[in-house]
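Chain letters run A, B, ... following the sequence lines, proteins first and then strands; every chain starts at 1. From a predicted model like this one, the values you see are computed outputs, not experimental measurements. We use all heavy atoms of the structure for the numbers below, so side chains are in, but hydrogens, waters and symmetry mates are not.
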Amino acid sequence: MTPEDDFAQWYQDIVKKAELAENGPVRGTMVVRPYAWRIWELMQGYLDQMFKDTGHENAYFPLLIPESYITREADHIEGFAPELWTVTKGGGRDLEEPAVIRPTSETVIGEMMSKWIQTHRDLPLLLNQWANVMRWERRPRLFLRTSEFNWQEGHTAHADRDDAMEETLRMLDVYETFAVRDMALPVVKGEKTPSERFPGAENTYTIEGMMRDGKALQSGTSHYLGTKFSEAFDIRYQSKTNERTLAHTTSWGVSTRLIGAVIMAHGDAKGLVLPPRIASHQVVFVPVMAHKEPKVSDEADRLAKELKAAGVRAHVDHRDQKPGYKFNDWELKGVPLRIEIGPRDLEAGTVTIAQRLGRDDEHGNPIKDAVAMGDLVRHVTERLATYHDFLLARATEFRDANTKQVDTWDEFVAQVKTGWASVLYDGTEATEQKIKEATSATPRCIPSDYPAEEGACFVTGAPSAFGKRVVFGRSY
RNA sequence: CGGCGUGUGGCCUAGCAUGGUAAGGCGCCUCGUUUGGGACGAGGAGAUCGCUGGUUCGAAUCCAGUCACGCCGACCA
C-alpha cells in the first residue's frame with residue numbers, strides 16, 4: 001500500500017504495522033504503544049524545556065469539572081456541549097452535580113486563577129499542564145481525532161491586552177520552532193478567520209502543516225481569550241491605581257495529533273519516516289552472522305555504547321531473524337540510520353551505514369556506505385543533522401510546490417483538490433460556506449508572513465478582507 | 001448523526017446463494033538446517049465464525065436487533 005494508492009488506508013496500515021497505536025475497547029479510545037509513546041516523550045521533552053525557558057511552570061488540575069463551570073462562558077459551552085462526556089454517578093450513587101470530564105481546562109483553571117490572583121504583582125501567571133482530555137468524537141481516527149487524547153495546555157493570565165497578546169504570539173512561535181527544528185515539519189503560521197476560532201477566544205492562531213496528500217493538519221493553536229474567561233470566573237487584580245481590573249488570559253496547546261502529523265508529512269510506501277530528533281531509535285545496529293562470529297554482537301554493543309555516550313539513541317537488534325527481515329522491519333518503523341555489522345566489517349574495521357531516505361540508488365534502495373569504526377560517532381552525528389535538513393527541505397519543497405496563489409474560481413477548485421490555495425476573499429462566513437460546500441476546503445489561516453495585499457474577492461467580487469491573502473485547503 | 005461497506009484463530013482470506021458442526025496462507029511454538037535485502041524442511045498449538053435473540057432436528061450460512069470498524073458527508077481548537 002502506498003500513499004498514492006489510498007492515503008487513508010496507507011495511514012492506518014502504518015499506524016498498525018509500525019506498532020504505533022490501536023483502538024481501545026471503548027469506541028473512540030486509543031492505546032498508544034511503546035514505540036509511539038517514546039516519540040511523544042521526546043516531543044514532550046523539547047516542548048517542556050521551551051515552556052520553562054519562557055517562564056512557565058507545570059501544574060496539574062483535576063480531570064473532573066463541575067458541569068456548571070462549563071456553562072459559564074456562553075461561546076465556550078456552545079462550542080463544547082456536543083462533545084462532552086459527563087459523569088453522573090460516583091460510588092453507585094447519583095452525584096449532586098454531574099461532573100464533566102475536561103474537554104479542555106480553561107474553566108477549572110480560570111476558577112483557580114481567580115483565587116490565586118490578587119494584585120498586579122501576581123501577574124503574569126504562567127501555567128502549563130500535561131494531561132489527557134476527552135471529547136466525544138463521531139468519527140475517530142487514531143492520533144488525529146480520538147475521544148481521549150494526551151496534550152499539553154498552557155494557561156496564562158496577564159494585566160492587559162498587549163501582554164496577553166504578546167504571550168499568545170510567543171507561544172505560537174515556540175510551536176513553530178518546535179515543528180521545524182524537531183519534527184522537520186514546515187508550517188504556515190497565522191491567525192484563524194473568525195469562523196474557525198476556539199469557542200470562547202477573541203483570536204485564535206495556528207500552525208498548519210501540509211500532509212503528503214495535500215491536506216492541512218492543524219498542528220498547534222494559541223488563543224487570546226481576552227477577558228471572556230476572566231469575566232466568567234472573576235479573574236481580577238488590584239491595579240497600581242487601586243482598581244479591580246479584569247485580567248486578560250491565553251491558552252495554547254499541542255497534542256499527540258503531532259504523531260499523526262509526522263506519519264502523514266514524512267511517511268512513504270515503505271512506511272514511517274521519523275525525523276531524527278524525535279526518533280525512538282536514531283540508529284539501529286543489525287548484526288550479521290552473529291551466531292557464527294560472536295565478536296559481531298560484541299562490537300555492535302560496544303559501538304552502540306559509544307554512540308549512546310555521545311547522546312545518540314542507538315539500539316542493537318539481537319533478535320533471531322535474518323538480516324533482510326530486520327532491514328525491512330526498521331525501514332517500516334522509520335529509523336533514520338541503520339548500521340550493518342558483520343564479519344566483512346570486522347575484518348575491514350568498518351561498519352555499513354544505510355539511511356532511511358534521501359540516499360537511494362536507481363531502484364529506490366539505500367546506498368550503503370562503509371564508515372571506519374573509529375569515525376562512527378562523528379559520522380553518525382553529522383549524518384543525523386544532514387538527514388534532518390534533508391527531511392525539512394523535502395517537506396518544504398512539497399508544501400511550496402502544492403501551494404498556489406489563485407484568483408479565479410476555476411483555478412481555486414482545481415488547486416484545493418491537491419493542495420492549498422492562497423486567495424483574496426471577502427472574509428464573510430457566507431463565502432466560506434459556499435467554498436466549503438463546493439470544494440470542502442476551509443480557510444486554514446491568514447499567514448503572518450504574507451505581504452499586505454488587497455483586491456476583489458475571487459468568489460463575490462466584493463473588497464477583500466484581512467488586508468492580505470488567506471490560505472485555503474482541505475483539512476483533517 | 002445520514003449514506004455505503006465490512007465483521008470467520010494474532011493478521012489476511014475461502015466457505016454463505018442451494019443450512020449438516022470450519023479450510024488455506026502469513027504469523028506463533030519445537031527440532032534441524034540457514035543468516036550482507038522479508039529463509040527452508042518436519043512436527044505442533046491456536047476459532048463456541050462480533051454479540052443477542054429468532055426460525056430449524058440442526059445455523060458461520062436464513063431472519064431480526066445490536067455493537068464495532070472502514071470510506072464519504074455533516075460536525076469538530
On a whole-Å scale, what distance lies between the P atoms belonging to U66(B) and U21(B)?
32 Å
What about K368(A), does its side chain sit under 3.5 Å from the base of G37(B) through a donor-acceptor pair?
yes
Rounded P spacing from C16(B) to A42(B) in Å:
30 Å
For the side chain of D329(A) and the base of G38(B), is some donor closer than 3.5 Å to an acceptor across the two?
no
Any side-chain N or O of Q321(A) below 4.0 angstrom from OP1/OP2 of U35(B)?
no
Let's see if you can work this out: which of C71(B), C75(B), G36(B) has an atom nearest to the side-chain heavy atoms of V288(A)?
G36(B)
Is a salt bridge present between R338(A) and E340(A), judged by a nitrogen-to-oxygen distance below 4.0 Å?
yes
Return the nearest nucleotide to the side chain of P323(A); candidates are G36(B), G37(B), A74(B).
G36(B)
I want to verify a distance call: between G36(B), C71(B), G38(B), whose nearest atom is closest to the Y325(A) side chain?
G38(B)
Looking only at G38(B), C76(B), U35(B), the nucleotide nearest the N328(A) side chain is G38(B)
Return no unless some side-chain N or O of K17(A) is found under 4.0 Å from OP1 or OP2 of G10(B).
no
U34(B) versus G70(B) - spacing of their C1' atoms, nearest Å:
41 Å
Any side-chain N or O of R139(A) below 4.0 angstrom from OP1/OP2 of C72(B)?
yes
Can you confirm whether R319(A) sits close enough to D329(A) that some side-chain heavy atom of one is under 4.5 Å from a side-chain heavy atom of the other?
yes
If you check the K322(A) side chain, which of G36(B), C75(B), C69(B) turns out closest?
G36(B)
Counter-base of U48(B), judged by Watson-Crick or G-U geometry with both distances under 3.5 Å:
none
Of H223(A), H158(A), E202(A), E106(A), which meets side-chain contact (heavy atoms from CB on, under 4.5 Å) against T250(A)?
H158(A)
Is a donor-acceptor contact shorter than 3.5 angstrom present between the side chain of R338(A) and the base of G37(B)?
yes
Who is the Watson-Crick or G-U wobble partner of C57(B), with both distances under 3.5 Å?
G20(B)
Quick one: on RNA chain B, does I341(A) or R141(A) contact a more 5' nucleotide (nearest heavy atom)?
I341(A)
Spacing of the P atoms in U8(B) and U52(B) (rounded, Å):
16 Å
Checking G36(B), G38(B), C1(B) against the side chain of R344(A) (C-beta onward), the nearest is G36(B)
R27(A) side chain N/O closer than 4.0 Å to the phosphate oxygens (OP1, OP2) of C67(B)?
no
For a side-chain hydrogen bond (donor to acceptor under 3.5 Å, both in side chains) with Q129(A), tell me which candidate from E153(A), Q152(A), E57(A) qualifies.
E153(A)
Which nucleotide, if any, forms a Watson-Crick or G-U wobble pair with A68(B), using both distances under 3.5 Å?
U6(B)
Give a yes or no on whether a donor-acceptor pair under 3.5 Å exists between the nucleobase atoms of C76(B), that is its base, and the side chain of R145(A).
yes
Under 3.5 Å for both donor-acceptor distances, Watson-Crick or wobble: does G41(B) have a partner, and if so which one?
C31(B)
Quick one: does E331(A) reach the base of G37(B) with a side-chain donor-acceptor pair under 3.5 Å?
yes
Verdict with supporting geometry, K192(A) and N203(A), side chain to side chain contact (heavy atoms under 4.5 Å, CB included):
CA-CA 7 Å; K192(A) 284 288 191 189; N203(A) 288 89; over 6 Å; no
Nearest 0.5 Å, what's the CD1-CG distance between I339(A) and L307(A)?
6.0 Å
